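Single-structure report; data block below.
From a predicted model like this one, the values you see are computed outputs, not experimental measurements.
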Amino acid sequence: MARAKAETNAERDHRKGNRMRIAAGLIFAGAISLCASGAAWSQTAATKSAATPQATPAPAAAPAPAKAPCANPNALGIARIVEIDTTGGPGFGFEHFKQLDFLRDHEVVLTFDDGPWPVNTPSVLKTLAEECTTGIFFPIGKHATYFPEILKQVAAAGHTIGSHTWSHANLNNKKLTEDQRKEEIEKGFSAVKWALGGASFAPFFRFPALQHPPEMVTYLGTRDVGIFSCDLDSFDFKASKPQTVIDSVMKKVDKLGKGIILMHDFQKHTAEALPELMHRLKAGGYKVVQMRPKAPVQTLAQYDEEILKDAKLPTVSSRPVSSVVQTISE
Ligand SMILES: [Zn+2]
């Protein structure tokens, strides 16, 4: 109990601190700090949190437990881990945000949108595990409520998880009111929290179709949520075959020399392309950077409640499928 109280106080202090920093106008200050260098494949606190669903968020900044070293000597691995201070809503990805040029030559960040989804997301997770590397996942809220077990696997594997709205609405659509735009953002975060059984995750957000209405960019700043555009878009959702995804990413990354790469774990071709793409990145001398949040996202109670109402399940079971359904004969 004492520990839970300490966490609550820490979170309150953090929120208080954020408000003060906004008031002081220190937006974008100190957004990135180097967390570790040349680190081996390691896990985040999410691993532990995801296994034990709780009503209150756990702190993200717990020390990472030691993990078995990578078994693949040719793995892409993780070259660098950076911690992101999302105070004031910093933007990443040169397609839209040019202030924070933190990647070094031949460094890449792998990002995956629109999941979680059966088959394709687990396939992406398998490839990343084989390569002892990591990415940022931007799930769609509705998809997270359809497949919470898959999202829990993403967290358990130590990847960074953010959010990508509730229903993938284009927030530049003029038919949406300001309240509806906010609801898309906030319900997306609340849905991810629900799917993860209350475990903490990152205050990282990507707008659908990279459509950035200025007032929502400002709003995310007040919510201390980091905004992710990209440096290079794979356009994997348009690819007719896996090879097209590989060729598109390699051509663009070779031209830029580094960057945040936008892909979709939702897409079959991307899942199929990923093993070869990882080999090509390794062969090209590229190194993966992991981006972790300094503090977890704070969801809003109003939207957490809406998710519970939507679920319409008065006796929500948070037990994994494997503990409920056992094959006893086949
Ligand atoms: Zn998307």
List in chain and number order the residues that pass ring-ring contact (aromatic ring centres under 6.0 Å, His included) with Phe137, two or more places apart in sequence or in another chain; answer none if no residue qualifies. Phe112, His159

Across all chains, not counting sequence neighbours, the ring-ring contact (aromatic ring centres under 6.0 Å, His included) partners of Phe189 are none

Any salt bridge between Lys238 and Asp233, counting N to O under 4.0 Å? no

Which side-chain N or O atoms in residues 209-218 pair as donor and acceptor under 3.5 Å with protein atoms at least two apart or in another chain?
from: Gln211; atom 1: OE1; to: Asn172; atom 2: ND2; distance (Å): 3.1
from: His212; atom 1: ND1; to: Leu210; atom 2: O; distance (Å): 2.9
from: Thr218; atom 1: OG1; to: Pro214; atom 2: O; distance (Å): 3.1

Pair Lys294, Asp224 - check salt bridge (charged side-chain N to carboxylate O under 4.0 Å, His left out), show working. CA-CA 11 Å; Lys294 188 175 179 189; Asp224 294 333; over 6 Å; no

The remaining residues in the hydrophobic cluster of Phe235, counting side-chain heavy-atom contacts under 4.5 Å among Ile, Leu, Val, Met, Phe, Trp and Tyr, are Phe237

With clusters built from Ile, Leu, Val, Met, Phe, Trp and Tyr whose side-chain heavy atoms come within less than 4.5 Å, directly or transitively, what are the remaining members of the cluster of Ile150, listed by chain and number? Trp117, Tyr146, Phe147, Phe266

Identify all side-chain donor-acceptor contacts of residues 270-277 below 3.5 Å with residues at least two apart in sequence or on another chain.
from: Thr270; atom 1: OG1; to: Asp236; atom 2: OD2; distance (Å): 2.6
from: Glu272; atom 1: OE2; to: Lys268; atom 2: NZ; distance (Å): 3.2

Would the Phe92 and Phe228 ring centres measure less than 6.0 Å apart? yes

Check salt bridge (Lys or Arg N to Asp or Glu O under 4.0 Å) between Lys282 and all other residues, then give those that pass, not counting sequence neighbours. none

According to side chain to side chain contact (heavy atoms under 4.5 Å, CB included), who are the partners of [X], at least two apart in sequence or on a separate chain?
X      : answer
Glu107 : Arg80, Leu103, Arg104, Val289
Gln302 : Glu306
Ala75  : Cys70, Asn72, Glu131, Cys132
Gln180 : Leu176, Thr177

Pairs meeting criterion ring pair (Phe, Tyr, Trp, His ring centres under 6.0 Å) with involvement of residues 273-304, two or more places apart: His106-Tyr286

